[in-house]
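Beneath this line is the structure, given in structure tokens, with notes to follow.
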Amino acid sequence: MYLADRRGTTAPASASAAPGTRPGRRAAAVPGTVLALGAVSLITDVSSEMVSAVLPLYLLTGLGLSPLGFGVLDGLNNGVGALVRLAGGHLADRGRSGHKTVAAVGYGLSALCKPLLLLAHTVPLIGAVIAVDRTGKGLRTAPRDAMISLATEPEHRGRAFGVHRAMDTAGALLGPLVAFAVLRLAGGPLLADGGEQGGYDAVFAVSGCVAALGVLVLLLFVPGRPGKQALSPAPASLRDAFALLRLPALRRLTVCAVLLGLTTVSDSFLYLLLQRRLGLSAQWFPLLPLGTAAAFLLLAVPLGALADRIGRRRLFLAGHGLLLLAYGLLLGPVSGDAVAFCVLLLHGAFYASTDGVLAAAAADAVPQGQRGAGLALVGTGQALARFACSLAFGAAWSAVGGTTALAWSAGALALCVAGAAFVLREPHDPSEVPS
């Protein structure tokens with residue numbers, strides 16, 4: 001028996017009962033399925049962030065990649081995954097265990113890619129491995145979020161996604177620490193020329209083992225389909241999935257996700273700018289993501305609950321305002337540890353206000369039987385926009401420098417926040433969502 005089955009949430013028997021509940025008992029705000037998926041994400045993020053923590057420095061200082069070249073590779077983190085996210089969400093809506101099956105394929109594909117980094121020591125090969133890894137991420141994201149939304153009552157979705165993202169971020173917090181420890185134990189300090197290859201190989205090997213553990217937890221402890229309610233038929237084709245954009249609430253969210261994604265500078269570029277602003281030595285670079293992850297971890301649950309009370313779209317916009325403040329601090333005349341602390345705090349608060357909150361808002365706008373495809377539409381739009389931003393920012397950095405490029409991005413973000421506020425000005429009407 002699955003752990004999630006034993007700890008599943010319950011609710012009074014009614015037509016409006018949330019999927020995954022049993023008659024006669026009150027539903028918990030955070031179902032067991034969400035906790036199990038959170039454990040999978042925690043373990044997987046330890047693996048992913050071990051690699052992400054060292055890869056930017058390794059590529060730029062070790063292999064001599066230009067900022068534009070790094071922008072292309074970094075864009076693969078979003079762009080390639082976006083190309084398959086729609087297919088993953090569409091396929092996951094088919095069959096009773098479709099969500100788990102597609103998610104398992106995605107997690108497994110990413111796990112297989114980690115050992116391949118041991119063999120890839122050139123930029124083209126590393127780019128190919130990243131592309132395959134992001135394909136796995138693209139496949140699993142929409143099915144995973146669909147399982148979370150289907151297992152949770154609508155009024156608690158912000159909190160449930162907040163709990164999941166907090167667990168996911170705990171992995172992001174541990175990943176750079178593990179990478180730092182492995183590098184130290186392997187005796188390969190991060191030198192200006194990229195450090196000893198043995199240290200990086202050790203990180204990649206340990207990352208692969210951790211990723212395999214995450215797949216095992218998914219297979220053993222996550223049920224095939226959260227909930228017992230009959231779901232409406234899935235779209236017959238990807239064209240039918242795109243037809244979901246006829247739903248006004250979903251269309252507005254997708255437009256806003258694209259607008260704001262076009263001006264969201266990638267994490268790696270933000271950390272590189274912060275490292276250069278503070279003059280940090282190369283060996284401390286892998287620890288910068290810890291500040292963002294710590295803030296995200298602490299704020300994900302309370303901000304998710306806040307979104308349930310004040311409105312998810314409103315908090316989503318406010319989160320981008322926090323990101324704009326972080327850009328302003330990086331561009332300001334003041335420097336020092338206090339600035340670094342505030343930038344990382346604001347960066348983490350931005351993710352806590354937007355990541356799970358956007359998924360919860362999108363789930364409200366999509367019928368149950370098309371939940372995977374609907375979430376994939378919003379996520380794909382955002383991911384493709386961020387891919388374009390990575391390319392543009394890398395080119396701008398190469399042409400005019402990182403500081404000027406960030407100033408341009410900050411100005412564009414301010415305009416896009418205003419535009420998104422205009423798009424979302426109409427209140428959400430529950431009748432827009434077919435049952």
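What you see is a predicted model, and the numbers here were worked out from it, not measured in a lab.
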[X] vs [Y] side-chain heavy atoms within contact, under 4.5 Å:
| X | Y | result |
| --- | --- | --- |
| Tyr271 | His347 | yes |
| Ser41 | Arg165 | no |
| Leu315 | Leu306 | yes |
| Arg312 | Arg157 | yes |
| Asp267 | Pro289 | no |
| Met147 | Val222 | yes |
| Leu323 | Leu346 | no |
| Phe393 | Ser409 | yes |

Exceeds 12 heavy-atom contacts within 6.0 angstrom, atom CZ of Arg314: no
Donor-acceptor pair, side chain of [X] and main chain of [Y], under 3.5 angstrom:
| X | Y | value |
| --- | --- | --- |
| His164 | Ala160 | no |
| Thr141 | Gly138 | no |
| Asp308 | Arg159 | yes |
| Ser207 | Ser47 | yes |

Side-chain donor-acceptor pair present, [X], [Y], cut-off under 3.5 Å:
| X | Y | value |
| --- | --- | --- |
| Thr169 | Tyr351 | no |
| Asp93 | His99 | yes |
| Ser110 | Arg140 | yes |

Report the distance from atom [atom1] of [X] to atom [atom2] of [Y], rounding to the nearest 0.5 Å.
| X | Y | atom1 | atom2 | answer |
| --- | --- | --- | --- | --- |
| Cys256 | Leu317 | SG | CG | 6.5 Å |
| Thr44 | Lys137 | OG1 | NZ | 9.5 Å |
| Leu299 | Ser353 | CG | OG | 7.5 Å |
| Leu218 | Leu37 | CG | CG | 7.0 Å |
| Leu303 | Thr354 | CG | OG1 | 10.0 Å |
| Leu413 | Leu262 | CG | CG | 10.5 Å |

Minimum heavy-atom distance [X]-[Y], with the two atoms named:
| X | Y | value |
| --- | --- | --- |
| Gly88 | Val102 | O-CG1, 3.8 Å |
| Gln370 | Leu244 | OE1-CD2, 3.0 Å |
| Pro176 | Glu49 | CD-CB, 3.9 Å |
| Val206 | Val182 | CG2-CG2, 4.3 Å |
| Ala120 | Val129 | CB-CG2, 4.3 Å |
| Ala142 | Ala376 | CB-CB, 3.8 Å |

Reference residue Leu330; test side chain to side chain contact (heavy atoms under 4.5 Å, CB included); the match among Val265, Val339, Leu270: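 By the side chain to side chain contact (heavy atoms under 4.5 Å, CB included) criterion, Leu330 pairs with just one of Val265, Val339, Leu270: Leu270.
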Residue that, paired with Thr380, satisfies side chain to side chain contact (heavy atoms under 4.5 Å, CB included) out of Thr254, Leu375, Leu86: Leu86
Derivation of the side-chain contact (heavy atoms from CB on, under 4.5 Å) call for Leu109 and Thr135: CA-CA 8 Å; Leu109 195 59; Thr135 297; 3.9 Å; yes
Val132 and Leu116: CA distance, side-chain angles, deciding distance, side-chain contact (heavy atoms from CB on, under 4.5 Å) verdict: CA-CA 10 Å; Val132 177; Leu116 293 180; 5.9 Å; no
Full working for side-chain contact (heavy atoms from CB on, under 4.5 Å) between Phe269 and Ser266: CA-CA 6 Å; Phe269 278 128; Ser266 76; 3.3 Å; yes
Derivation and outcome, salt bridge (Lys or Arg N to Asp or Glu O under 4.0 Å), residues Asp133 and Lys114: CA-CA 8 Å; Asp133 176 71; Lys114 300 303 189 297; 3.1 Å; yes
Worked check of side-chain contact (heavy atoms from CB on, under 4.5 Å) between Arg144 and Tyr107: CA-CA 10 Å; Arg144 180 203 64 201; Tyr107 279 109; 3.5 Å; yes
